[in-house]
Amino acid sequence: MKIGSLLSRLLLFANGLSLDAPLVAVAWQEIAAHQLNGPLQNYERLLLFMATWLVYAGDRLLDSRGVLTSVVEIPRHQFVARNFWPLLCLWIVLLMTTAVMTWLCLNPSAILIAVFILGLLGGYFALCLWLPIARWVIPREVIVSLFFIVAVLFFPLLEASPPINQELAFTLIRFSIPSGGLILLNCLGIASWEAEMDRLAGESTLATRFPFVVKFFPGIAIATGIVFLLIDRLLVHEWNIFGGSVCTAAIMIGLLDSAWIPQDLKPILADAMLIVPFAIQAMAL
């Protein structure tokens with residue numbers, strides 16, 4: 001078997017298991033902790049990993065209904081549909097494990113905040129199941145970006161316990177704009193590459209609603225990266241690694257829109273590009 005083929009299969013397998021999103025979340029949690037000077041505990045990394053996996057795997061379990069009888073073949077949906085019951089059992093076990101760890105490791109106020117955040121997210125998904133038009137009114141891509149920002153900031157803010165002042169607001173703005181923006185760009189790219197399949201399946205995404213996104217996505221991604229770079233330059237008054245790494249990740253996501261890259265690998269590689277800022281900053285330290 002060729003190395004490229006083996007690597008592709010491993011990437012598809014990891015994506016099918018919903019491992020990419022938790023890894024991205026943990027990487028950006030490290031960036032947030034560094035910017036807020038809040039040292040992380042290992043159990044906090046593990047809790048974020050498991051909580052993110054539960055959210056993304058749960059969403060895919062819901063999306064997998066009827067996939068095997070559908071004419072639309074999205075690899076990750078097909079994988080989840082074929083392995084629905086084992087994945088559901090794993091999901092339940094990890095849900096209980098996460099609940100016990102949360103109860104043992106966090107103080108009551110932190111638990112209440114976490115439950116409130118997850119309750120809002122669960123309420124959104126429930127609303128979408130009960131009233132499908134909710135996904136049109138409140139795009140899932142936007143909800144994913146907002147949840148990502150809150151999730152990766154949760155433990156760094158708890159550890160740093162910074163005073164609520166102008167400096168904290170500045171740090172949060174500097175972190176939230178590129179992190180949430182990159183996640184939104186990632187979702188937009190995946191939606192544009194799967195726009196035709198989503199349209200056949202009756203899914204509402206930003207790409208199916210705004211077809212120009214599909215045509216101009218590479219340009220949108222490159223322009224977004226440049227905007228991230230300029231915003232960071234404006235905020236800190238100097239060119240720096242963080243701004244450059246975020247700009248690089250955005251441009252690399254845009255470059256994935258190439259006929260040379262297999263269509264089923266593009267979403268996985270787009271998720272991998274989200275770890276680029278962490279990798280660049282880790283090498284620079």
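Just so we're clear, the structure is a prediction, and the values are computed from it rather than from any experiment.
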Review point. Who pairs with Phe217 by ring-ring contact (aromatic ring centres under 6.0 Å, His included), at least two apart in sequence or on another chain?
Key: Trp193

Check your understanding: So which heavy atom on Trp136 is nearest to which on Ser204, and how close?
Key -> CD1-OG, 3.6 Å

Exercise for review: Just grab all the salt bridge (Lys or Arg N to Asp or Glu O under 4.0 Å) pairs involving residues 41-57, residues at least two apart or on different chains.
Suggested key: Glu30-Arg45

Point to revise | salt bridge (Lys or Arg N to Asp or Glu O under 4.0 Å): pairs with one or both residues in residues 107-134, sequence neighbours excluded | key: none

Review point. Should Leu256 and Ile222 be regarded as members of a common hydrophobic cluster, given that ILVMFWY residues are connected when their side-chain heavy atoms come within less than 4.5 Å of each other, either directly or indirectly?
Key: no

Revision key, fill the gap. Closest non-hydrogen atoms of Trp91 and Leu54, given as atom of the first, atom of the second and distance, are NE1-O, 2.8 Å

Revision key, fill the gap. So the ring pair (Phe, Tyr, Trp, His ring centres under 6.0 Å) pairs with at least one residue in residues 231-253 (sequence neighbours excluded) are none

Practice item. Could you tell me which non-hydrogen atom of Arg209 sits nearest to which non-hydrogen atom of Pro139, and how far apart they are? Key: NH1-CG, 3.5 Å

Practice item. Could you note down all residue pairs passing salt bridge (Lys or Arg N to Asp or Glu O under 4.0 Å) where residues 162-173 supplies at least one of them, sequence neighbours left out? Key: none

Exercise for review: For Leu48 and Phe155, work out which heavy atoms get closest and say how close.
Suggested key: N-CE1, 4.3 Å

Exercise for review: Evaluate side-chain contact (heavy atoms from CB on, under 4.5 Å) for Leu127 paired with Trp130, printing each intermediate quantity in order.
Suggested key: CA-CA 5 Å; Leu127 181 63; Trp130 177 63; 3.8 Å; yes

Point to revise | For the student: nearest non-hydrogen atoms of Thr171 and Gln35, plus distance | key: CG2-O, 3.8 Å

Revision key, fill the gap. Contacts satisfying salt bridge (Lys or Arg N to Asp or Glu O under 4.0 Å) that involve residues 168-182 (not counting sequence neighbours) are Arg174-Asp232

